[in-house]
Protein chains: 2
Amino acid sequence: MLPYEHIGYIGAMTNSPNDVTPYRLCKADALPPSDQHAQQYAAVRNAHETELLEDYVELIADLLKHQGEARSTDIAARMGVSQATVSKTVTRLKSLGLVSSKPYRSLFLTEKGEAMAAMSHQRHAIVLKFLRALGVSDHTARIDAEGMEHHVSQETLDIMQRFSREQERGGS
Amino acid sequence: MLPYEHIGYIGAMTNSPNDVTPYRLCKADALPPSDQHAQQYAAVRNAHETELLEDYVELIADLLKHQGEARSTDIAARMGVSQATVSKTVTRLKSLGLVSSKPYRSLFLTEKGEAMAAMSHQRHAIVLKFLRALGVSDHTARIDAEGMEHHVSQETLDIMQRFSREQERGGS
DNA sequence: CTAATATTTTAGCCAAGGTTAACTTATTAG
DNA sequence: CTAATAAGTTAACCTTGGCTAAAATATTAG
C-alpha cells in the first residue's frame with residue numbers, strides 16, 4: 001500500500017453532535033464508540049508510516065531544485081542525523097521505488113517519488129502559509145508545519161487554503 | 001534524555017536544551033540553513049518520542065473518568081491494538097513513573113501521569129475546538145486533532161485558543 | 001467449589017529508525 | 001599520479017511499537 005494514496009483517511013460513521021467540550025468547563029464529553037476511537041489512532045499510526053518517507057522525498061526534491069543535486073551528506077546535515085541512517089533509509093526508499101541512484105552517487109527521484117514529493121510539498125506549503133496567516137511567528141510556523149503536515153486531512157487543507165486566501169485579500 | 005521529565009511545558013516542541021538558536025530569515029521557498037533545518041526535524045522526532053505515551057495516559061484518564069476504571073482490554077480495543085502490545089507499553093509507562101498498577105489489575109495514573117494527561121487533554125481540546133471553529137467537520141476534526149495535537153507549539157495553541165474564542169463571540 | 005471463560009502477562013518474532021565504528025569508493029591537492 | 005580527505009556503505013548494536021501464541025491469573029456460572 002502506497003503512501004500518498006491514503007490521504008482520504010478512514011471511513012464513515014459520523015456521530016457525536018456538537019458538544020464543543022470547552023476544556024475548562026469539562027462537560028462530560030463522552031468517549032466515542034470503541035471502533036471509531038480505534039480508527040482515529042489507526043489514522044495516526046498510518047500517517048507515521050509514511051511521514052519519514054515523505055520528509056526524505058520532499059527534502060531530496062528541494063535539494064535537487066536548489067542545489068542541483070541531492071547528496072547523502074546534505075540530507076544527513078539537514079535532517080540532523082548520521083550518514084549511516086540516511087544510507088539505510090535511502091535503501092528503503094529505493095526498494096519502495098521512490099528514489100533511484102547508483103552506489104556512491106547522488107540521488108534522484110523516480111516518477112513515483114516526484115509525485116509524492118510534489119504532494120508533500122504542497123501540503124507543507126499550505127500548512128505553513130496557513131499558520132502564518134493565523135499570526136504564528138515564522139520560526140514557530142516552520143517547526144509546527146513540519147510536524148503537522150502529515151496529519152492534516154484534505155478537508156482541513158482545503159479550509160486552511162481558503163482561510164489563507166481570505167486573509168490575504170482582506171487582512172494585510 | 002527523557003522528554004516526559006519536563007512536564008512543565010505544554011508545547012512539546014521546544015524542549016531541547018539547546019534550542020535557543022535565533023531564527024534566521026530566508027526566502028519562503030529557499031532552503032533554510034542546515035542547522036536550523038535540522039532543528040525542525042529534531043523537534044518532530046522529539047515529539048514522536050512522547051506521542052504514544054501521551055496518548056496512553058490521556059486515554060487512561062478518560063477511561064478512569066468515564067468508565068470508573070482503566071482496563072487493558074478497553075485500551076486495546078480503543079487503540080485498535082493487541083492486548084499484548086498494551087501490556088508491553090504499560091510496562092514502559094510504569095517504568096517511567098506515569099502509571100501504577102498491581103499485576104492483573106487495572107491501571108491508575110501517578111501524579112506525573114495525571115499531570116501529563118491533563119496537559120495532553122487540554123492541548124487536544126484546544127486543537128479540536130479550533131478545527132471545528134475553522135469549519136472542519138466533526139469526524140475529520142477528531143481524526144486530525146488526534147494527529148496534530150502533539151505537533152502544535154504553545155505559541156500556536158495560544159493563537160488557536162484566541163481564534164476559537166473570537167469565533168464563539170462574533171461568528172455564531 | 002470447580003470448571004469454563006475472560007483478562008493479563010510473557011516469550012519470541014519482526015521492521016523501523018536511530019547509533020558508532022570500520023570499510024570502500026570518490027574527489028581533490030600537490 | 002598518488003596521497004590525503006570527503007563521502008557513502010556496511011556491520012553490529014539499541015529501543016520502540018507492532019504481532020501471535022502460550023501461560024498465568026481473575027472472574028463467573030453451575
Side-chain angles (χ1 to χ4, degrees), chain A residues 1-3 34 38-39 41-57 59-60 63 67-96 98-108 147 150, chain B residues 1-4 16 34 38 41-57 59-60 63 67-96 98-108 146-147 150:
Chain A
M1 205 240 320
L2 250 288
S34 280
Q39 281 185 341
Y41 289 114
V44 175
R45 280 196 300 273
N46 202 300
H48 280 161
E49 271 179 40
T50 52
E51 254 181 70
L52 196 72
L53 306 177
E54 289 177 350
D55 284 343
Y56 266 81
V57 143
L59 179 53
I60 290 169
L63 288 170
Q67 236 97 294
E69 66 176 350
R71 319 197 51 171
S72 292
T73 210
D74 293 332
I75 297 176
R78 300 202 102 88
M79 300 270 283
V81 122
S82 76
Q83 285 186 206
T85 297
V86 171
S87 193
K88 218 164 61 162
T89 306
V90 165
T91 300
R92 210 178 139 225
L93 291 169
K94 283 162 83 170
S95 85
L96 291 171
L98 294 163
V99 161
S100 70
S101 79
K102 295 196 214 137
Y104 296 95
R105 261 40 246 256
S106 51
L107 311 176
F108 299 95
H150 307 284
Chain B
M1 171 179 67
L2 297 180
Y4 18 86
S16 127
S34 281
Y41 289 114
V44 175
R45 280 196 300 275
N46 202 300
H48 279 161
E49 271 180 41
T50 52
E51 256 182 67
L52 196 72
L53 306 178
E54 289 177 351
D55 284 344
Y56 266 79
V57 144
L59 178 53
I60 290 169
L63 287 170
Q67 236 96 296
E69 65 177 350
R71 318 197 53 174
S72 293
T73 211
D74 293 332
I75 296 176
R78 300 203 102 88
M79 299 270 283
V81 121
S82 76
Q83 286 186 210
T85 296
V86 171
S87 193
K88 216 163 63 161
T89 306
V90 165
T91 300
R92 210 178 138 224
L93 291 169
K94 281 162 84 170
S95 85
L96 292 170
L98 293 163
V99 162
S100 70
S101 79
K102 294 197 215 138
Y104 296 95
R105 260 41 245 255
S106 51
L107 311 175
F108 298 95
E146 191 64 62
H150 306 284

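Bear in mind the structure is a predicted one, so any value in this text is a computation, not a measurement. In what follows, every heavy atom counts, from backbone to side chain, and hydrogens, waters and symmetry copies are set aside. Chain A is the first sequence line, chain B the second, and so forth, proteins listed ahead of strands; every chain is numbered from 1.
Judged by closest nucleotide on DNA chain D, A:A84 is the one of A:A84 and A:K88 placed further toward the 5' end.
A:S87 places no side-chain N or O within donor-acceptor distance of the main-chain N or O of A:A84, the cut-off being under 3.5 Å. In terms of modelled atom types and a separation under 3.5 Å, the side chain of A:R45 and the main chain of B:G80 share a donor-acceptor contact.
Taking 4.5 Å as the limit, some side-chain heavy atom of A:L107 sits within range of a side-chain heavy atom of A:I75. A:V44 places a side-chain heavy atom less than 4.5 Å from the side chain of B:E51.
Of the residues in residues 71-80 of chain A, A:R71, A:S72, A:T73 come within less than 4.0 Å of DNA chain D through at least one heavy atom, sorted by number.
Between A:R45 and D:dG17 there is no side-chain N or O to OP1 or OP2 distance below 4.0 Å. For B:T85, a side-chain nitrogen or oxygen approaches OP1 or OP2 of D:dC19 to under 4.0 Å. An OP1 or OP2 oxygen of C:dT8 is reached within less than 4.0 angstrom by no side-chain nitrogen or oxygen of B:R105. The phosphate of D:dG17 has neither OP1 nor OP2 within less than 4.0 Å of any side-chain N or O from B:T89.
Rounded to whole angstrom, the span from the CZ atom of A:R92 across to the P atom of C:dG17 amounts to 4 Å. Put simply, CD on B:E69 is 12 Å from C1' on D:dT27, counting in whole angstrom units. Straight-line distance from the CD atom of A:Q83 to the C1' atom of C:dA26: 13 Å, rounded to whole Å. Atom OH in A:Y104 sits about 13 Å away from atom P in C:dC23, given to the nearest Å. To the nearest angstrom, C1' of D:dT16 lies 15 Å from CG of A:L52. What separates CD1 of B:I60 from P of C:dT8 is a distance of 12 Å, to the nearest Å. Between A:D55 atom CG and C:dA16 atom P there is a gap of 16 Å when expressed in whole angstrom units. Rounding to whole angstrom units, NE2 of residue B:H48 and P of D:dG18 are separated by 12 Å.
Of all the heavy atoms in B:A70 and B:S106, the pair that sits closest is O-CB, 3.0 Å. In terms of heavy atoms, B:L59 sits closest to A:Y41 at CB-OH, 4.0 Å. Shown here for A:K94 and A:V99, the closest heavy-atom pair between the two residues is CG-O, 3.3 Å.
Residue B:V86 is classed as having no contact, given no heavy-atom separation below 4.0 Å to the nucleic acid.
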